[in-house]
Amino acid sequence: MAELAELARTAGVDVVGQARQRVKAINPATYIGKGKVEELKLLAQELGLDLVIFDDELSPNQQRNLEEELGVKVIDRTVLILDIFARHARTREGALQVELAQYQYRLPRLTRAWAHLARQAGGGAARGGAGGVGLRGPGETQLETDRRIVSKRIAQLKKELEHVRRHREQYRRHRQQQWLPVVSLVGYTNAGKSTLLNALTGAGVLATNMLFATLDPITRRLGLPGGKEVLITDTVGFIQKLPTELVAAFRATLEEISDADLILHVVDITHPNVQEQVRTVGQVLEDIGASGRPMLVALNKVDLLNDPEQARAITTQYANAVAISALSGEGLEDLLHAIESTLAQQMVFVRARVPYAEGELLAFFHKHGLVESERHGPSGVRIEGQLPPGLVSRFERYLD
């Protein structure tokens with residue numbers, strides 16, 4: 001409930017109270033029991049409320065019945081999160097993703113009151129131009145017209161996002177040709193991912209104490225202590241009950257995570273529900289097919305702990321964890337060494353005899369691998385060392 005209140009404040013809502021009810025079963029008509037509905041109605045009148053937000057997703061019937069009973073606007077957690085995403089979308093891709101999620105949520109909830117969509121979704125055709133979607137067929141109801149308009153807009157948005165997805169896939173292929181490992185930042189919203197990206201790379205990303213401050217993926221180069229470079233990408237923060245419409249709409253963005261060579265999970269160790277947040281992130285990673293990727297845990301905000309020893313004790317609770325403060329810089333050097341070490345563990349041993357004519361290939365090994373030995377012979381160079389798995393095929397002809 002505290003998180004719901006914070007979400008509401010992020011959306012610009014003035015939170016004046018909360019109510020909860022323990023029930024054996026959800027009321028199919030109003031979600032909560034009749035007595036609680038009456039209690040909320042009196043509370044709305046007493047406080048002059050104009051909005052009630054439910055922490056779970058309401059069915060169309062439940063939402064309509066509650067608004068009739070309470071006499072105020074009623075929304076659920078999904079609508080609230082969609083609204084926040086709409087406010088924070090900065091790029092064309094982000095705006096398309098959020099709009100698609102909104103329309104997918106609204107489609108089963110359409111009523112005759114949605115006639116205004118015809119003016120929003122179709123331009124001149126929707127206003128009744130020849131062959132436009134605004135023309136109703138014989139016997140077609142306004143509700144059917146609205147549903148057709150929204151369905152057409154959803155199809156259009158999916159087509160545009162598929163174009164974005166193909167463009168992003170081309171970008172990924174181009175990036176892979178540079179053979180730079182990719183580290184993907186993930187974490188519960190407001191865990192400090194953007195602050196960490198700024199601290200490591202000077203990216204200048206908006207970093208504020210606000211849920212979902214960053215929606216669009218941001219990629220920067222990061223130098224490691226050994227001299228190698230990686231690409232580090234910040235992605236949208238996760239949250240409990242993340243709307244399925246958003247997960248689907250942000251598929252292209254979330255693919256950045258499932259393709260990463262290393263997932264860097266940023267955890268706010270000062271949060272009272274830290275364990276639940278960690279489980280939520282793990283569940284989302286599983287949902288998008290990224291749970292099997294190599295992972296490093298950054299236990300953030302240690303500067304807020306009263307006892308520094310507490311941070312060291314907490315690291316033992318997580319596999320492959322480093323205690324840091326993205327704000328003060330504490331532990332960041334240890335984190336960079338951990339990133340380098342974790343990526344190195346994925347490398348495979350390669351022994352090859354490379355002809356002198358393939359000097360570029362030798363330089364490639366030095367740049368992207370770890371050379372352990374190098375001996376010059378009559379016909380070429382015998383080189384041994386470690387390479388990322390995806391680069392071994394470059395040396396296939398010369399494997400010794």
* **Derivation of the side-chain contact (heavy atoms from CB on, under 4.5 Å) call for Phe364 and Leu391** => CA-CA 10 Å; Phe364 183 87; Leu391 304 186; 3.9 Å; yes
So, [X] side chain and [Y] main chain: donor-acceptor pair closer than 3.5 Å or not?
X: Asn273; Y: Glu276; result: no
X: Gln104; Y: Ile154; result: no
X: Asn300; Y: Ala326; result: yes
X: Lys228; Y: Gly369; result: yes
X: Glu67; Y: Val74; result: yes
X: Glu340; Y: Gly226; result: yes

* To do: Give the cluster check for Leu7 versus Val98: same hydrophobic cluster or not, with ILVMFWY residues linked at side-chain heavy-atom distances below 4.5 Å.
  =>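 In one cluster: yes.
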For [X] and [Y], test the side chains for any donor-to-acceptor distance below 3.5 angstrom and give the result as yes or no.
X: Asn65; Y: Glu69; value: no
X: Ser59; Y: Asn61; value: no
X: Asp234; Y: Ser194; value: yes

* Nearest-0.5 Å distance that lies between atom CD1 in Ile75 and atom CG in Asp83 ->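 Result: 7.0 Å between the selected atoms.
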* To do: Rounded to the nearest 0.5 Å, what's the gap from CG on Asp287 to OG on Ser258? Could you check?
  =>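 Interatomic distance, Asp287 CG to Ser258 OG, rounded to 0.5 Å: 12.5 Å.
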Just to verify, which of [options] counts as forming a side chain to side chain contact (heavy atoms under 4.5 Å, CB included) with [X]?
X: Ser325; options: Leu304, Val302, Leu305; value: Val302
X: Asp261; options: Val182, Leu180, Thr342; value: Val182
X: Leu264; options: Leu196, Val297, Val186; value: Leu196

* Under a 4.0 Å N-O cut-off, is there an ion pair linking Glu99 with Arg153? ->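 Yes, charged N to carboxylate O under 4.0 Å.
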* Would you call Arg220-Glu229 a salt bridge at under 4.0 Å N-O? ->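 Looking at Arg220 and Glu229, the cut-off is not met.
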* Only one of Gln18, Lys241, Gln240 forms a side-chain hydrogen bond (donor to acceptor under 3.5 Å, both in side chains) with Asp55, so which one is it? ->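 Going through the options one by one, the only one that passes is Lys241.
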Do [X] and [Y] come within less than 4.5 Å of each other through their side chains, counting heavy atoms only?
X: Thr201; Y: Arg221; value: no
X: Gln275; Y: Gln317; value: yes
X: Tyr356; Y: His376; value: yes
X: Leu224; Y: Val230; value: yes
X: Leu185; Y: Thr233; value: no
X: Glu358; Y: Arg397; value: yes
X: Asn190; Y: Asp268; value: no

* Asked: Who pairs with Phe54 by ring-ring contact (aromatic ring centres under 6.0 Å, His included), at least two apart in sequence or on another chain?
  ->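 By the ring-ring contact (aromatic ring centres under 6.0 Å, His included) rule, Phe54 matches Tyr31.
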* To do: Sequence neighbours left out, what passes ring-ring contact (aromatic ring centres under 6.0 Å, His included) with Phe395? Give chain and number order.
  =>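 Applying ring-ring contact (aromatic ring centres under 6.0 Å, His included) to Phe395 gives Phe365.
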Show me, pair by pair, the donor-acceptor contacts under 3.5 angstrom made by side chains of residues 377-389, not counting sequence neighbours?
residue : atom : partner : partner atom : Å
Arg382  : NE   : Asp400  : OD2          : 3.2
Arg382  : NH1  : Glu384  : OE2          : 3.1
Glu384  : OE1  : Ser373  : OG           : 3.3
Glu384  : OE2  : Arg351  : NE           : 2.8
Gln386  : OE1  : Phe349  : N            : 3.4
Gln386  : NE2  : Glu372  : OE2          : 3.0

* To do: Tell me who clusters with Met347, hydrophobic residues only, linked when side chains sit under 4.5 Å apart either directly or through other members.
  =>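 Members besides Met347, by chain and number: Leu370.
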* Output the rest of the hydrophobic cluster of Val15: all Ile, Leu, Val, Met, Phe, Trp and Tyr residues reachable through side-chain heavy-atom contacts under 4.5 Å, sorted by chain and number. =>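 Val15 shares its hydrophobic cluster with no other residue.
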* To do: Check the surroundings of atom NZ in Lys36: do more than 12 heavy atoms from other residues, nucleotides or ligands lie under 6.0 Å from it?
  =>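 Enclosed: over 12 neighbouring heavy atoms sit under 6.0 Å from NZ of Lys36.
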* To do: Please report the closest heavy-atom contact between Pro181 and Leu343, naming both atoms and the distance.
  =>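 Heavy-atom minimum between the residues: CB-CD1, 4.1 Å.
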* Applying salt bridge (Lys or Arg N to Asp or Glu O under 4.0 Å), which residue pairs with at least one partner in residues 9-26 are found, sequence neighbours left out? ->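 For residues 9-26: Glu6-Arg9.
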